[in-house]
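One structure is given here, and the rest of the page talks about it.
Residue numbers run from 1 in the order of the sequence given. The shown structure was predicted, so the numbers you read here are calculated from the model rather than taken from an experiment.
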Amino acid sequence: MAPLWLEIKKQCCRVSDQSCSHLCHPGCGVSCPSAGDTSCSGHSQSCSLGALLCIADPAASETGPPHSLGTQRRTRKQILRWMCKEFTFHTGYEVLVQRLLEGKKMCKDVEDLLKQRAQAEERYGKELVQIARKAGGQTEINTLKEAFEMLKQQIESVGNSHIQLAVMLKEELKGIEEFRERQKEQRKKYESAMERMQKSKLSHYKKTMESKRSYEQKCREADEAEQSFERTSAAGNPKQTEKSQNKAKQCRDAANEAENVYKQNIEQLDKVRTEWEQEHIKTCEVFQLQECDRITILRNSLWVHCNQLSLQCVKDDEMYEEVRVSLENCVVESDIDYFIKTKMTGTQPPGNYSY
């Protein structure tokens, strides 16, 4: 499978008019096909969301894929901005998650916009169709009647065109919804992994701090026992001296054991911290890619939306141009002559009425 950036770069173009002339998307380094290339997907009324994706960074489309060495260094530098000195704090990660949730909200906002616009286009189109079908004009004759019939026909065509535009907007809407759900599933997977690593880190940190306090307490007890042994030895009581010596030895052994436990916990904590840091970096990289993808998708979705509306205006004008052409053929004298020829009652007036 080709890399996503390459597929995006290959497909980056937009429809600028009904004859399928193409303009490059801003920042796209790809030369678009000419209007005469009938193999181009631009001959449809508008390109799909997937066919209009473009590299978010204009320089990236010229120099290579997003994961070039320079980008990796920049990404690493950006990720380091989301670390915290406090061992038990995860503020940087929480800020990134909050940003992704805000991005999810933005996706829904765009979806709502497209949904409401599609509903408006559908209502407008259906009303135009009804207006055209209910319009009268049966009493008119000749060229003006032909022009009026052309107007009704084109109004109905415009209405159907807007209904078709509503269908395309719904397709764009569906694409964004699917993209948002895919990002949600991926985000949840990494959030679950980070939650496990954070819990493990905090658990080992708590265990290490407890072993540290225990070790410090044992050291104080051993020091006190040894000081007591020295005082007892100076007093010259053999029985008390032996008892004090045994207690000092027990306390020192306990302190040494607590020290070993403390060292083991520190080693284990450092191992967990390393694993957490690696997971944190990997998650931040994924989150950054998600954000780049989201901005790219939404930017190009809005671009497609504007293209569709612009193209619709062009199509509307072309249909109304047909009406204007028909009206140019509407001649007053011709309609008057037609009426006279079809409705004339005679050329002779009644004669004089004599007595």
For this session: Scan for ring-ring contact (aromatic ring centres under 6.0 Å, His included) pairs involving residues 99-119, sequence neighbours excluded, and state none if there are none.
Result: none
Exercise. Going by the salt bridge (Lys or Arg N to Asp or Glu O under 4.0 Å) test, which pairs reach into residues 261-274, not counting sequence neighbours?
Worked result: Glu259-Lys263, Asp270-Arg273, Arg273-Glu277
Exercise. Are His305 and Ser301 close enough that some pair of their side-chain heavy atoms sits under 4.5 Å apart?
Worked result: no
Exercise. Looking at Lys315 and Glu318, does any basic side-chain N land under 4.0 Å from a carboxylate oxygen?
Worked result: no
Problem set entry | Arg182: partners by salt bridge (Lys or Arg N to Asp or Glu O under 4.0 Å), with sequence neighbours left out | none
For this session: Give a yes or no on whether a salt bridge exists between Arg324 and Asp317, defined as a side-chain N under 4.0 angstrom from a carboxylate O.
Result: yes
Problem set entry | Same cluster (ILVMFWY, side-chain, under 4.5 Å), Ile336 and Val331 | no
For this session: Could you identify which residues cluster with Ile141, counting Ile, Leu, Val, Met, Phe, Trp and Tyr as linked when any side-chain heavy atoms lie under 4.5 Å apart, either directly or through a chain of such contacts?
Result: Tyr338, Phe339
Problem set entry | Donor-acceptor under 3.5 Å (Asp335 side chain, Asn142 main chain) | no
Problem set entry | Chi angles and distances behind the side-chain contact (heavy atoms from CB on, under 4.5 Å) call for Lys218, Cys251 | CA-CA 7 Å; Lys218 298 294 184 182; Cys251 289; over 6 Å; no
Do any side-chain atoms of residues 188-196 form donor-acceptor pairs under 3.5 angstrom with protein atoms, and if so which ones, sequence neighbours left out?
from, atom 1, to, atom 2, distance (Å)
Ser192, OG, Lys188, O, 2.9
Glu195, OE2, Lys199, NZ, 3.4

Problem set entry | Residues that Lys134 engages under side chain to side chain donor-acceptor pair (under 3.5 Å), provided they are two or more places apart | none
For this session: For atom CD of Glu242, decide whether the heavy atoms of other residues, nucleotides or ligands shown that lie under 6.0 angstrom number more than 12.
Result: no
Problem set entry | By salt bridge (Lys or Arg N to Asp or Glu O under 4.0 Å) - contacts of Glu122 (at least two apart) | Lys126, Lys170
Problem set entry | side-chain hydrogen bond (donor to acceptor under 3.5 Å, both in side chains) partners of residues 144-157, not counting sequence neighbours, each pair once | Arg133-Glu156, Glu149-Lys152
Residues 112-119 side chain polar contacts: donor-acceptor under 3.5 Å, at least two apart:
from, atom 1, to, atom 2, distance (Å)
Arg117, NE, Glu121, OE2, 3.0
Arg117, NH2, Glu121, OE2, 2.9

Exercise. Once you round to the nearest 0.5 Å, how far does OH of Tyr320 lie from CG of Leu327?
Worked result: 13.0 Å
Seminar exercise, completed: So salt bridge (Lys or Arg N to Asp or Glu O under 4.0 Å) across residues 205-215, not counting sequence neighbours, yields none
Problem set entry | Those residues that, when tested against Glu216, pass salt bridge (Lys or Arg N to Asp or Glu O under 4.0 Å) (two or more places apart) | none
Exercise. Does the pair Val272 and Tyr205 meet the rule for a side-chain contact (heavy atoms from CB on, under 4.5 Å), with working shown?
Worked result: CA-CA 9 Å; Val272 171; Tyr205 177 78; over 6 Å; no
For this session: Following the transitive rule for hydrophobic clusters with a side-chain heavy-atom cut-off under 4.5 Å over Ile, Leu, Val, Met, Phe, Trp and Tyr, establish whether Leu128 and Leu165 coincide in one cluster.
Result: no
Exercise. Hey, quick one: are Val129 and Ile155 part of the same hydrophobic cluster, counting side-chain heavy atoms closer than 4.5 Å, chains of contacts allowed?
Worked result: no
Seminar exercise, completed: Applying salt bridge (Lys or Arg N to Asp or Glu O under 4.0 Å) to Glu140 and not counting sequence neighbours gives none
Exercise. What is the distance from atom CD1 of Ile163 to atom OH of Tyr124, rounded to the nearest 0.5 Å?
Worked result: 11.5 Å
Exercise. For Glu226, which of Lys247, Lys249, Gln245, Arg252 qualifies under side chain to side chain donor-acceptor pair (under 3.5 Å)?
Worked result: Arg252
Exercise. Charged N to carboxylate O under 4.0 angstrom, Glu279 versus Lys282?
Worked result: yes
For this session: Answer yes or no: is there an ion pair linking Asp109 with Lys105, defined by an N-O contact shorter than 4.0 Å?
Result: yes
